[in-house]
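Start at 1 and go down the list; that is how both ligands and their atoms are numbered.
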Amino acid sequence: MQALMQDSPLTIPQLFHRAERQFHDKRIVTTTLRGEVSNTYGEWSTRVRRLATALDGLGVPQDAKVATFAWNTQSHLELYFAVPCTGRVLHTLNIRLFAEQVAYIVEHAGDDVIFVDRSLLPMLWPMADRLATVRHFVVIDDGAEAEIPDDPRIRHYEELLASAEPFRGRFEVADENAAAAMCYTSGTTGHPKGVVYSHRSTVLHSLVSLTVDAVGLSERDTILPVVPMFHVNAWGLPYAAVFAGSSIVFPGPAMKPEALVEMLERHRVTTTAGVPTIWMGMLPLLGEHDLSSLRVVVGGGAAIPTALSEGWRAAIGIPITQAWGMTETSPLASVASPRSHHEGLDSESLIQVRATQGQAVPLVDLRIVDMDTGAEQPWDGATPGELQAAGPWIASAYYGDEGSDAFSADGWLRTGDVATMDEHGFVRLVDRTKDLVKSGGEWISSVELENVIMAHEWVAEAAVIAKPDPKWTERPVACVVVEQGGQLTADEVYDHLRERVAKWWLPDEVWFVDELPKTSTGKFSKKDLRERLLGQSQ
Ligand code: ADP
C-alpha cells in the first residue's frame with residue numbers, strides 16, 4: 001500500500017521562501033572594509049530575487065556552474081540562494097589555494113561566471129586569461145581599493161542588481177536530487193576532486209543542524225560563522241541559519257582574533273563555529289570581553305586539543321563542542337556532546353568524552369572496518385578501523401567519476417580516517433590513512449609539495465610529513481635527500497618553493513637526510529619517517 005502524503009521535493013527554495021515570509025525583520029550584519037552593514041532578511045531576499053533576474057540577464061545557462069571567490073558576507077549569502085533557487089549550481093572556490101589549483105578546479109568544473117570580492121580580485125585576475133570557460137567576472141564592492149581592470153569580462157555586482165527587476169513568484173526546483181552546490185577537496189594523490197551537493201542533501205543537512213543534539217540552531221540564535229563560506233559551505237551553517245531564521249553576523253575579511261572576539265561581544269552572538277586555530281588565537285583575549293551570550297562554540301576540521309577546550313571553559317564557562325566531518329559529508333557527521341549515560345562522570349572523564357569526535361548525528365551511519373579484510377570492527381572503544389560513512393548527505397561519487405577508490409563496494413564513503421568506536425558509537429580518531437597536512441583548517445597536499453621539491457635539480461628524493469603545531473594543528477616538514485655530488489641548502493629549497501607554492505605551504509623546516517625509509521611497495525614510509533624524526537608512534 002502506498003502512503004497518502006504529499007510528495008513535495010526538499011529544495012533550497014523552501015528555505016528561502018520560509019525566511020522571506022516569516023523572518024523578514026531578522027538581521028544580517030556584515031563587517032566590510034568600510035565598516036558594518038546591517039540589513040534585514042527582507043532586504044536580503046529582494047536582492048536574492050534581483051540577482052536571480054540578473055543571472056538570466058547575463059545569459060548564464062540554466063544549469064551552469066556559478067563560482068564565487070569571496071569572504072563570509074551578505075552578498076555571498078545572496079549567491080548561496082539565488083544560484084540554486086534558479087536551478088544553477090553554486091561553486092565556492094577556496095581563496096587559499098595556489099593559482100594553479102584554482103585554475104585547474106575552475107576548468108574542471110567548467111564555471112561560466114565568477115563572482116569575486118573586490119579585495120580578492122588581485123589574487124584572481126592574474127589567472128583570468130587561463131580560465132577559458134569563464135565569460136564574466138562580477139566584482140562585488142567590499143570597500144577595498146583594489147584596481148578594477150578595464151576589460152569587457154568585468155561586470156559590477158551592484159550595477160547588475162540595480163538594473164534587474166526582482167524575480168516575481170515562487171522559485172521552483174522540481175527535482176530534489178538536482179545539483180545545488182559543489183566544493184572541491186584535496187585528495188591524497190592527484191588533483192582536487194569535486195563533491196556535488198543536492199537540494200535534498202542540503203535541506204536534510206540543515207534540518208539536522210537545527211536538532212538539539214547537533215548544533216540546535218534556532219530562531220532565537222545569533223550566529224557568527226567563522227568557518228569560511230568557501231570551505232564546505234561554512235559547514236552548511238548559512239543554509240541552516242536561514243532555515244531557522246537566526247540572526248547572522250558575517251565577519252567579511254575581518255578574520256583577526258581581536259576583530260572576531262569584538263564582534264562576538266558586540267552582537268551578543270550565541271552560536272559560532274570554526275577550526276581550532278581560530279579558537280586558539282582568541283583564547284588569550286577572552287577574559288577581556290563579555291561573551292556571556294555564547295551558547296555553543298563548535299570546533300572541527302581538525303582535532304580540538306583538550307587544553308584549548310578547557311581554556312575556553314575556564315574563560316567563558318563553556319567548552320568547545322567538537323564536531324567531525326569532511327567536504328564529502330557536507331560536512332556535519334558527528335558531534336561530541338556528553339549524553340545521559342555520561343552523567344555522573346568526573347570532570348576528567350567528561351573532558352575525555354569531549355575530546356572524542358562524538359556520536360553520529362541522525363541519518364548518518366558510521367562504521368569502522370579492518371583495512372586489510374574489510375570486516376566490520378567491534379564497537380569496543382579499542383579496536384581501530386577505517387572510518388566509513390553513509391547517509392543522505394554523504395557523497396556517493398566525485399564529479400567526473402574520479403577517485404572511485406574512496407567508496408567501498410557497498411557504497412559507503414571511505415573517509416581515510418582511522419578510528420575506534422565505543423558501545424554508544426562515540427568515535428575517536430587515532431590516525432589518518434591519507435598523508436595530508438592540515439594547517440589552520442586547510443589542507444596542504446604533502447604529495448604536491450614533494451613533487452615540487454623533487455623538481456629541483458639537486459633533489460634526489462623528498463618526503464613531507466606533518467609536525468604537530470600548537471597554533472596551526474599541523475605544519476609541514478620537508479625531508480630531503482640531495483643528489484650524489486650535489487649541494488643544496490635549506491635557503492635554496494625555499495627559494496625554489498617560493499616561486500611555485502602558496503606562502504603558507506612553505507615547510508616550517510627542511511631536514512636533510514641520507515635516505516628515506518620505504519614501504520614494501522616502494523612508497524615513502526611516512527610512518528617510519530614520523531617515528532624517526534618526530535618520535536611519534538603513528
Ligand atoms: P573540514 O576541514 O571542513 O572538516 P575537509 O574535507 O577539508 O573538511 O577535511 C576533513 C578531514 O579533516 C577529516 O577526514 C579529518 O581527517 C579531519 N577532521 C575533521 N574534523 C575533525 C575533528 N573533529 N577531529 C580530527 N580531525 C578532523
Mode of [X] contact toward ligand 1 - side chain, backbone, both, neither (heavy atoms, under 4.0 Å):
{"X": "T327", "answer": "both"}
{"X": "E442", "answer": "neither"}
{"X": "M326", "answer": "both"}

With respect to atom 20 (N) of ligand 1, which of G416, S330, G301 exhibits the smallest heavy-atom separation?
G301
For atom 4 (O) of ligand 1, which of the options P276, P331, G325 provides the nearest non-hydrogen atom?
G325
Ligand 1 and G300, any nitrogen or oxygen pair closer than 3.5 angstrom?
no
May I ask you to list the atoms of ligand 1 that are less than 4.0 angstrom from any heavy atom of [X]?
{"X": "Q357", "answer": "22 (C), 23 (N), 24 (N), 25 (C)"}
{"X": "A303", "answer": "22 (C), 24 (N), 25 (C), 26 (N)"}
{"X": "H231", "answer": "1 (P), 2 (O), 3 (O), 7 (O), 8 (O)"}
{"X": "Q322", "answer": "22 (C), 23 (N), 24 (N)"}
{"X": "D417", "answer": "13 (C), 14 (O), 15 (C), 16 (O)"}
{"X": "L429", "answer": "25 (C), 26 (N)"}
{"X": "W235", "answer": "3 (O)"}

With ring pair (Phe, Tyr, Trp, His ring centres under 6.0 Å) as the test, pick out the partner of Y80 among F115, F243, Y239.
Y239
Locate the shortest heavy-atom distance separating [X] from [Y]; write the atom from each residue and the value.
{"X": "D221", "Y": "G216", "result": "OD2-O, 3.6 Å"}
{"X": "Q357", "Y": "S334", "result": "O-OG, 2.7 Å"}
{"X": "A234", "Y": "V227", "result": "CB-O, 3.3 Å"}
{"X": "L237", "Y": "A273", "result": "CD1-CB, 3.5 Å"}

Please state whether the rings of H205 and W393 are parallel, tilted or perpendicular, taking 30° and 60° as the class boundaries.
perpendicular
Can you label the angle between the H424 ring and the H341 ring as parallel, tilted or perpendicular, going by 30° and 60°?
parallel
So is A323 touching ligand 1 or not, going by heavy atoms under 4.0 Å?
yes
K438 to ligand 1, any heavy atom closer than 4.0 Å:
yes
R354 bridged to E310 by N-O distance under 4.0 Å
yes
Ion pair present between K65 and D112, side-chain N to carboxylate O less than 4.0 angstrom?
no
Roughly how far, to the nearest 0.5 Å, is CD of E423 from CG of D380?
10.0 Å
